[in-house]
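Structure first, commentary second.
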Amino acid sequence: MKISIHIISALIACMTFLSGYAQSPSSLKDAAKGKFLIGTALNHNQILGHDTAGIKIIKEHFNAIVAENCMKSQPIHPQRDRYSFSLADKLVEFGEQNDIVITGHTLIWHSQLPRWFCHNEDGSLRSAEELKAIMKEHISTVVGRYKGRIKGWDVVNEAIMEDGSYRKSPFYQILGEEFIPLAFQYTHEADPEAELYYNDYNMWAEGKRNTVVKLIGELRKRGLRIDAVGMQSHMGISKPNLTEYEKSIEAFAAAGVKIMMTEFDMSAIPTERLTADLAEGGADPAKARNPYVDGLPDEAYQRWHSRMEKVWEIIMRHSDDITRVTFWGVCDGDSWLNNFPVRGRTDYALPFDRQHNAKPIVGRLIEMLNSK
Ligand code: 9MR
């Protein structure tokens, strides 16, 4: 009798363990719960509902979305007196219907910027007063439209160079560094509840890191809001140096803001390959530019997978300071890296493949998130 009671309690313990195991989260967003949001960027096909397989993945794995393109100034405000909100409206509705956090990308950026924004019809730069009025009108219209529905905005994107100097964009040429605090002020006025972010690529670079830290201090000194810094995190297979990347996370956290990986992806194509093959001569330049057109060799996948793990070890180490990790696209076929730095090539930069299957890295990231 005693023995059978032992056996029963052992069985119960075993079943409890197994059911606990079965319940441990199997999606990225569930595994990341309580740590940070897990996001992805939506393209037109997803926003319009055409990419049904992509949408299924978005709903299953992600609890944050951002527009890959449709909220940038060119698409959303193509002419001075004309806005085009239809895609952006749909993105926001999709987020709300599916209980997904929406962030806005991006208000003030030198790229995908309609020419009229900073230039007069004769090609000359607008006056400071005129540009301020245009920025204010643009920001209050776009941010105001989605007031209370968008958690936070990439207010300014890519304004600082790797050496720490300011990019000589039309905004800078007209207003100097002042265009940044102005943009933060206008955004806050348009939606006082919205979080405000400064977003940039190559944030591992020392010069850029230092100027971003100074910028945070300057905004705060003026009483302006800045909640987080967006480290875009477009990673290469051998660059950047991950120690420098981690130093930037630490520096931004020490400056008192949260950190978000806002455009995470990792090219599987070694950049050195093109240069080396072409330099050797005799190599097929087309092949060097697009080496994995017929599929990613296992060895190249393993290299990508283990570097992803290394980056995510850093992310996990700093998860208390990180509020969101957003991938720049859903599946490999969606990635901008298929057209950069070489047009029309086949890259493998995202956690889901071209057939919409999860790569082994998805399971590994879930495991890493669950074990933290
Ligand atoms: O992924 C975007 C691509 O579809 C656009 O053609 C490109 C235009 O510049 O912008 C890409 O997204 C960029 C993002 O908005 C800002 N950081 C760099 C991203 C990749 O270029």
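Note that ligands are numbered from 1 as they come in the structure, with each ligand's atoms numbered from 1 the same way.
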Handout entry: Residue among Phe184, Trp109, Tyr197 satisfying side chain to side chain contact (heavy atoms under 4.5 Å, CB included) with Val156
Key = Phe184
Practice task
For ligand 1, find out whether one of its N or O atoms is nearer than 3.5 Å to an N or O atom of Trp336.
Solution key: no
Fill in the blank from the handout: In this structure, atom 1 (O) of ligand 1 is nearest to the protein heavy atom Glu68 OE2, 2.5 Å
Problem - Structural part of Asn157 in contact with ligand 1, heavy atom criterion under 4.0 angstrom - result: side chain
Exercise for the section: Below 4.0 angstrom from a heavy atom of Glu158, which ligand 1 atoms are there? Numbered from 1 as shown, please. Expected result: 16 (C), 17 (N), 18 (C)
Handout entry: For ligand 1, the portion of Trp328 having any non-hydrogen atom under 4.0 Å away
Key = side chain
Problem - Lys/Arg N to Asp/Glu carboxylate O, Glu244 vs Lys247, below 4.0 Å - result: yes
Handout entry: All pairs passing ring-ring contact (aromatic ring centres under 6.0 Å, His included) where residues 118-150 contributes a residue, at least two apart
Key = His77-His138, Phe117-His138
Problem - Check: His356 ring centroid to Phe352 ring centroid under 6.0 Å - result: no
Fill in the blank from the handout: Near His105 (heavy-atom distance under 4.0 Å), the atoms of ligand 1 are 14 (C), 15 (O), 16 (C)
Problem - Within reach of ligand 1, part of Asn339 (heavy-atom separation under 4.0 Å) - result: neither
Exercise for the section: Tell me which part of Trp109 gets within contact of ligand 1: side chain, backbone, both or neither, using heavy atoms under 4.0 Å. Expected result: side chain
Problem - Salt-bridge criterion met for Glu218 and Lys214 (N-O under 4.0 Å) - result: no
Exercise for the section: Answer yes or no: is there an ion pair linking Lys208 with Asp163, defined by an N-O contact shorter than 4.0 Å? Expected result: no
Exercise for the section: Would you please indicate yes or no on a ring centroid separation below 6.0 angstrom for His234 and Trp336? Expected result: yes
Exercise for the section: Measure the distance from atom 10 (O) of ligand 1 to every protein heavy atom, then report the residue, atom name and distance (to 0.1 Å) of the closest one. Expected result: Lys72 NZ, 3.1 Å
Handout entry: Test: Glu178 and Arg222 ion pair at under 4.0 Å
Key = yes
Problem - Residue and atom name of the nearest protein heavy atom (relative to atom 4 (O) of ligand 1), distance in Å to one decimal - result: Asn69 ND2, 3.0 Å
Handout entry: Close-contact set for ligand 1 against His234 heavy atoms, below 4.0 Å
Key = 18 (C), 19 (C)
Exercise for the section: Salt-bridge test for Lys147 and Glu193: reply yes if a basic N is under 4.0 Å from a carboxylate O, no otherwise. Expected result: no
Problem - Which residue and heavy atom of the protein sit nearest atom 18 (C) of ligand 1, plus the separation - result: Glu263 OE1, 3.3 Å
Exercise for the section: Starting from atom 7 (C) of ligand 1, find the nearest protein heavy-atom neighbour and note its residue, name and distance. Expected result: Gln112 OE1, 3.8 Å
Fill in the blank from the handout: For Ser111, the atoms of ligand 1 under 4.0 Å from one of its heavy atoms are 9 (O)
